[in-house]
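These notes concern the structure reproduced below.
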There are 2 protein chains.
Amino acid sequence: MVEDNAEIFFERLRAALNTQRIDDAVGILLSLHPVDRADVFNLMTDTEQTLLLPLLDVPTTADLLEELEDEDVLTAIGSLTPERLADVLDEMEPDEAADLLGDLPPEQASAALAEMEDAEDVIPLLGYPDQTAGGLMTTSYVALRRHTTSEQAIQFLRQVSPETQIPNYLYVIDRDKRLIGVVGFRELVISDPLVTMDGIMDPDVRYISVGMDQEDVARMMTRYDLAAVPVVDEQHHLVGVITHDDILDVVEEEATEDIYRLANVIDTDLDPQSPVTEQLKGRLPWIYLNMLTALFASWVISNFEGLIAQVAILAAFQSIVAGLGGNTASQNVAMIVRALALGKIDPKNIWRITIRQVAVGILQGIAVGVVIGFGIAWWQSNIFLGVILALAMVGNMVVAGVIGTLVPLGLRAIGLDPALASSVLVTAVTDSAGFFIFLSLASSLITYLQ
Amino acid sequence: MVEDNAEIFFERLRAALNTQRIDDAVGILLSLHPVDRADVFNLMTDTEQTLLLPLLDVPTTADLLEELEDEDVLTAIGSLTPERLADVLDEMEPDEAADLLGDLPPEQASAALAEMEDAEDVIPLLGYPDQTAGGLMTTSYVALRRHTTSEQAIQFLRQVSPETQIPNYLYVIDRDKRLIGVVGFRELVISDPLVTMDGIMDPDVRYISVGMDQEDVARMMTRYDLAAVPVVDEQHHLVGVITHDDILDVVEEEATEDIYRLANVIDTDLDPQSPVTEQLKGRLPWIYLNMLTALFASWVISNFEGLIAQVAILAAFQSIVAGLGGNTASQNVAMIVRALALGKIDPKNIWRITIRQVAVGILQGIAVGVVIGFGIAWWQSNIFLGVILALAMVGNMVVAGVIGTLVPLGLRAIGLDPALASSVLVTAVTDSAGFFIFLSLASSLITYLQ
């Protein structure tokens with residue numbers, strides 16, 4: 001496991017620090033892959049981080065900061081002077097540097113920008129919201145004119161440092177910087193030296209606009225298997241490139257967000273080892289909301305207090321109706337949320353989808369209702385109790401079909417995340433409805449139950 | 001929306017078919033991107049598919065089959081002769097061809113293999129399980145020896161058709177075909193023509209072994225931002241390459257699987273528009289299981305029938321304790337499942353993680369218990385009822401902390417998917433425990449409640 005490695009190296013590093021072998025500690029850090037180095041760095045205390053960070057060279061510091069989580073970066077760079085920070089930012093990928101600058105306090109950010117050499121690569125990126133194509137893209141790409149020959153292109157590539165991480169594609173632009181085509185490095189390698197870019201470019205290049213939401217960007221790149229996609233502004237000027245690695249992060253982030261929201265965890269940065277106070281902050285609000293919805297369901301039941309005093313066994317069965325309805329609704333919500341995320345359904349088909357889910361609910365209700373109705377009738381030697389339970393089950397499954405479909409689709413329609421239709425909100429309805437339907441039916445058939 | 005486009009083109013295509021303009025129909029299909037073409041094809045009836053498929057050229061048919069869902073592929077190729085099928089398989093990526101052959105009935109698969117020209121690319125892939133590195137990798141890559149010069153490499157690339165989709169890397173192997181390095185096309189482009197591969201290769205190449213689970217492959221490629229990764233067998237021979245686009249599919253598949261399992265949907269191919277019978281098959285089994293767990297909870301309550309007959313209002317509050325405990329447990333399960341999927345926690349720290357979740361449970365129980373205890377004491381004018389509810393809440397939240405953590409981690413420890421610790425299993429425990437703790441406490445304090 002990756003985590004184990006980090007801990008082993010961390011123990012060695014701490015042993016070195018404890019015996020004042022600072023150079024050894026730095027040596028251990030340098031021997032690691034940047035991703036693993038960030039893991040080890042994360043395990044250190046703030047004091048240890050502040051001690052070691054200024055001892056790393058600029059490229060290593062840049063690599064490290066690119067891999068750390070946002071909040072750790074802010075702590076870590078506290079130990080760097082503005083000049084050093086500017087050098088590190090110059091070394092970073094422009095999109096990462098822009099993200100970091102966006103997280104800094106404004107004065108610190110402008111101080112660092114003033115010291116930077118390559119500020120012009122980063123400044124255009126600062127204006128784009130994090131969750132859009134503009135926030136994901138990098139400005140480090142190569143754009144060529146259509147009459148450039150293959151030989152000239154290769155010479156140009158030799159000039160720009162081979163160190164810079166550029167996408168595996170060259171983009172072709174017209175005199176107004178408008179995107180007109182794409183050339184893969186593969187095509188460039190095997191082309192005749194004298195052929196021009198417009199002879200080997202693919203003019204049918206897929207692009208996205210700078211304001212597109214990152215979830216839509218991810219969906220498009222996944223759908224068409226794109227390793228990199230150019231980003232254009234409203235006038236079709238090439239302004240950046242998004243690469244596949246940024247998209248993998250987005251896909252994982254979005255999946256975490258959906259899973260957490262469906263399970264009523266607000267803070268998507270939480271993990272089971274997060275500090276207890278953080279966990280309470282990110283979990284309690286939904287539990288309090290759940291308390292309110294549970295109180296409402298209690299109030300529904302309390303209206304049947306007289307009935308329950310007469311036929312106490314009803315209290316044992318009311319939760320079956322509520323619980324199974326809740327689970328059916330959760331199935332619906334999960335399927336709708338995922339289908340929307342993967343672009344598998346069109347939200348405009350809201351009624352067609354709802355009717356189908358109601359049909360599933362009715363059949364699921366009958367399938368479960370018949371079995372449990374017979375079971376309870378036999379256990380309690382009362383056929384009416386079984387019938388009431390079966391009918392209530394079908395009724396609540398219909399409620400589950402409607403609510404579990406309309407709530408997430410409705411949230412999407414008004415521009416909110418469908419995953420907010422989490423179990424608390426949807427099962428609030430199926431709980432209350434389940435208790436109400438079951439106890440009302442029992443109430444009207446009370447003479448057969450005593 | 002992508003789906004809208006598919007429907008628009010489908011309407012045009014159907015109009016063409018209805019007026020016998022078969023050529024126009026083919027023309028509409030050919031004008032689309034392969035991904036969109038597959039969408040339109042999916043909307044057609046089996047008859048329409050069987051009519052049009054033989055009219056498409058071999059490369060187009062290959063593209064189309066690569067994009068269709070597994071079951072649709074099998075229907076579609078029913079209209080192809082074995083010879084035609086072999087031509088189409090020759091045209092497909094070797095990994096896709098192997099997947100397709102694996103889904104065919106054995107006789108049909110061997111008939112097609114016998115007719116294929118490039119069977120030797122595909123046969124080695126047939127033995128690997130779908131969900132492993134071997135099942136994901138392609139054999140279409142370029143491997144070179146260490147003494148090959150840059151110029152020779154480029155000449156070789158010009159010979160192999162530029163049409164073949166090979167990764168953006170060249171792999172360097174020794175005389176025994178063992179992997180020793182990697183060269184990017186970027187490095188190749190800008191290198192001196194006379195430099196040899198071992199002069200420009202990165203010898204520190206990351207690789208994976210052929211039996212690695214696809215989820216681990218995805219985790220590694222995401223972690224290290226790899227666009228392509230070579231696959232080796234036990235003797236370190238290069239046997240294939242996995243590219244980023246295969247990984248995006250895996251990441252999305254795994255996220256869907258987690259979300260569906262957490263919501264008790266078994267069949268991960270379901271979406272809200274799947275046929276009703278499919279939905280019942282993929283959803284009812286868990287609902288039946290839920291029925292059994294709900295019956296058990298009912299039995300727990302039924303043991304307190306006498307108590308409830310005396311103090312009927314207890315029936316209104318028992319569900320609050322059960323429900324809030326269930327939600328807390330679901331939060332735990334979601335966080336553990338996601339942390340395991342992203343490699344954020346080490347399952348060996350099982351006790352440390354459980355203790356932390358129990359701490360969160362106790363604090364969450366106190367935070368909610370105090371509020372709801374006061375609320376109920378005031379509503380029902382009975383301080384003892386409030387105290388009982390608050391104590392039961394804390395108790396059940398502890399149960400939620402233990403069960404919601406140990407069940408997913410335990411499932412992982414015995415090699416099962418932690419997401420099987422879905423709400424049905426975990427809330428079965430918090431429901432029964434919630435009812436039992438609350439009603440037992442009420443039972444022992446009955447004199448104060450009447």
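Letters go in sequence order (proteins before strands), and every chain restarts at 1. All values below were derived from every heavy atom in this structure, side-chain atoms included, with hydrogens, water molecules and symmetry-related copies excluded. Because the structure is predicted, anything quoted here is derived from the model rather than measured.
In B:R352, the CZ atom is not crowded: 12 or fewer heavy atoms of neighbouring residues, nucleotides or ligands sit closer than 6.0 Å.
For A:S319, the part lying under 4.5 angstrom from a heavy atom of chain B is the side chain only. Contact of B:T328 with chain A is made through backbone and side chain together, with heavy-atom distances under 4.5 Å. Both the backbone and the side chain of A:L324 come within contact range of chain B, each with at least one heavy atom under 4.5 Å from a heavy atom of that chain. With a 4.5 angstrom heavy-atom cutoff, A:A297 does not touch chain B via any of its atoms. Of the two parts of A:Q318, only the side chain, counted from C-beta on, holds a non-hydrogen atom closer than 4.5 Å to a non-hydrogen atom of chain B. Proximity to chain B (any heavy atom under 4.5 Å) is shown, for A:T293, by neither the backbone nor the side chain. Of the atoms belonging to A:N332, heavy atoms from both backbone and side chain fall under 4.5 Å from chain B. Contact of A:I372 with chain B is made through backbone and side chain together, with heavy-atom distances under 4.5 Å. Contacts of B:L226 with chain A are made by backbone atoms alone, with heavy-atom separations under 4.5 Å and no side-chain atom involved.
In this structure, A:D36 pairs ionically with B:R223, as a charged nitrogen and a carboxylate oxygen lie closer than 4.0 Å. Ion pairing between a basic and an acidic side chain is recognised when a charged N comes within 4.0 Å of a carboxylate O; B:R356 and A:D271 show no such pairing.
Residue with the most contacts toward chain A among B:V189, B:I308, B:V265: B:V189 (heavy-atom pairs, distance under 4.5 Å). Among the candidates B:V276, B:N290, B:I154, the residue making the largest number of heavy-atom pairs closer than 4.5 Å to chain A is B:N290. In terms of heavy-atom pairs under 4.5 Å with chain A, the best-connected choice from B:M221, B:E305, B:R338 is B:R338. Among B:Y288, B:W299, B:F304, B:F435, the residue making the largest number of heavy-atom pairs under 4.5 Å with chain A is B:Y288.
The interface of residues 250-257 of chain A with chain B, defined by heavy-atom distances below 4.5 Å, comprises A:V251, A:E252, A:A255, A:T256.
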